[in-house]
2 protein chains.
Amino acid sequence: MPRAATTTDAFNAIAEPRRREIIDVLRGGRAHAVGELVKRLRIPQPTVSKHLGVLRRVGIVSVSRHGQRRMYRLNAEELKPVHDWVKIYERFWTHQLDRIKERAERKATERTADKG
Amino acid sequence: MPRAATTTDAFNAIAEPRRREIIDVLRGGRAHAVGELVKRLRIPQPTVSKHLGVLRRVGIVSVSRHGQRRMYRLNAEELKPVHDWVKIYERFWTHQLDRIKERAERKATERTADKG
DNA sequence: CGATTATATTCCCATATGGGAATATGTCAA
DNA sequence: TTGACATATTCCCATATGGGAATATAATCG
């Protein structure tokens, strides 16, 4: 089995830095034409189109035709699974107070560990 | 250019679901032997070892020898870049009140857009 | 119509992948 | 030493990748 396709899910899609850059530009909520992204990011047009294709298949962006242009808009909710997963680890690098919770929870976990 | 190596950064490393599972098991803070992970996740030992190798090269886990076993421990801080990036999008799927902030910020962004 | 602009698609290629199977390495115990 | 156990490594392969270059598609304009 090779590596999972980039279009498998958000995790795979955002692994590519240029796709994250595209997402960042689209963050404002406003739809952007491909040409705008090309200019902003200084990435060749076919490359941008391909990356947008991946993001679209995953559902992270959606397109609409507007005359000659295709307007891409962010569907940020598709990033929620990534946030949900990584958020759990937030406490590992945040402040003092959370460390207490962390330790307490670890104890509880160890107590119930290796039951299966 | 092929896809970036899985060992490039945390984004690439966590794209693989089994590696996320491993991280999840290590979440308690306690170090785990490879064999424990094999049993818990029902994944062949060589596969687990390879995934641990990737995670180790990225710095997400660290190893220590303890007799015959190698104990793997989570270094969750390495996940912070992922959290930092995705956290910005949290407001897109959270409650009502944040939507106000969102709209306000969008207006401000649009005002200063396309200056470069 | 033809020309221009905007975007997508195709073709090419070097490359890393994840899994399976087999094997190597390392460590303990008798 | 031998054998059992724990883990890592190697070899194999089908496959998707991202980029470059070239080209196709599609819409607008004159």
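The figures here come from the full heavy-atom set of this structure, side chains too, leaving out hydrogens, waters and symmetry mates. What you are looking at is a predicted structure, and each value in this text was computed from that prediction instead of being measured. Each chain gets a letter, A, B and so on, in the order its sequence line appears, and its residues count up from 1.
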- Which pairs, with at least one residue in residues 57-67 of chain A and sequence neighbours excluded, count as a side-chain hydrogen bond (donor to acceptor under 3.5 Å, both in side chains)? A/Ser62-A/Asn75
- Query: When all nucleic acid strands are considered with a 4.0 Å heavy-atom cut-off, which category describes A/Pro44: base, sugar-phosphate, or nothing?
  - Reply: sugar-phosphate
- Query: How are the rings of B/Trp85 and B/Phe11 set relative to one another: parallel (under 30°), tilted (30 to 60°) or perpendicular (over 60°)?
  - Reply: perpendicular
- Item | Neighbours of DNA chain C within residues 10-21 of chain B, by heavy-atom distance under 4.0 Å | B/Glu16, B/Arg18, B/Arg19
- Quick one: side-chain hydrogen bond (donor to acceptor under 3.5 Å, both in side chains) partners of A/Glu21, sequence neighbours excluded? none
- Query: What residues form a side-chain contact (heavy atoms from CB on, under 4.5 Å) with B/Lys80, not counting sequence neighbours?
  - Reply: A/Trp93, B/Asp84
- Task: Report the distance from atom CE of B/Met71 to atom C1' of C/dG26, rounded to the nearest whole Å.
- Result: 17 Å
- Note on the structure: From NZ of B/Lys39 across to C1' of D/dT7 the rounded distance in Å is 16 Å
- Query: Does D/dA8 have OP1 or OP2 sitting under 4.0 Å from an N or O in the side chain of B/Tyr72?
  - Reply: yes
- Query: Would you call A/Glu90 and A/Lys87 a salt bridge, using N to O less than 4.0 angstrom?
  - Reply: yes
- Just jot down the side-chain hydrogen bond (donor to acceptor under 3.5 Å, both in side chains) partners of A/Thr7, sequence neighbours excluded, or say none. none
- Message: Given D/dG18, D/dA8, D/dA21, identify the nucleotide with an atom nearest to the side chain of B/Arg3.
- Response: D/dG18
- Query: If we fit an axis to the first five pairs and another to the last five of the helix from C/dC1-D/dG30 to C/dA30-D/dT1, what angle do they make, to the nearest 10°?
  - Reply: 10°
- Query: For A/Thr47, which residues count as a side-chain contact (heavy atoms from CB on, under 4.5 Å) partner, sequence neighbours excluded?
  - Reply: A/Arg18, A/Ile43, A/Pro44, A/His51
- Message: Donor-acceptor check, side chain of B/Arg20 to backbone of B/Ile14, threshold 3.5 angstrom: yes or no?
- Response: yes
- Query: Of the residues in residues 47-59 of chain B, which ones touch DNA chain D at a heavy-atom distance under 4.0 Å?
  - Reply: B/Ser49, B/Lys50
Between the protein and nucleotides 24-30 of chain D, are there any N/O to N/O pairs under 3.5 Å, and if so, what are the atom names and distances?
{"residue": "D/dA27", "atom": "N3", "partner": "A/Gln68", "partner atom": "NE2", "Å": "3.4"}

- Task: Specify the residue among A/Gln45 and A/Ala4 whose closest nucleotide of DNA chain C lies further upstream toward the 5′ end.
- Result: A/Gln45
- Task: Say whether, by atom type as modelled, one donor and one acceptor occur between the side chain of A/Arg73 and the main chain of A/His32 under 3.5 angstrom.
- Result: no
- Task: Rounded off to whole Å, could you give me the CZ-to-C1' distance for the B/Arg69 and D/dT7 pair?
- Result: 11 Å
- Side-chain heavy-atom pair A/Tyr89, B/Arg27 within 4.5 angstrom cut-off: yes
- Message: If the condition is side-chain hydrogen bond (donor to acceptor under 3.5 Å, both in side chains), which residues does A/Glu77 pass it with, not counting sequence neighbours?
- Response: none
- Query: Rounded to whole angstrom units, what separation is found between the CE atom of A/Met1 and the P atom of C/dG19?
  - Reply: 7 Å
- Can you list the residues that meet the side-chain hydrogen bond (donor to acceptor under 3.5 Å, both in side chains) rule with A/Gln68, with sequence neighbours excluded? none
- Message: Are the side chains of A/Leu52 and A/Leu37 in contact, using a 4.5 Å heavy-atom criterion?
- Response: yes
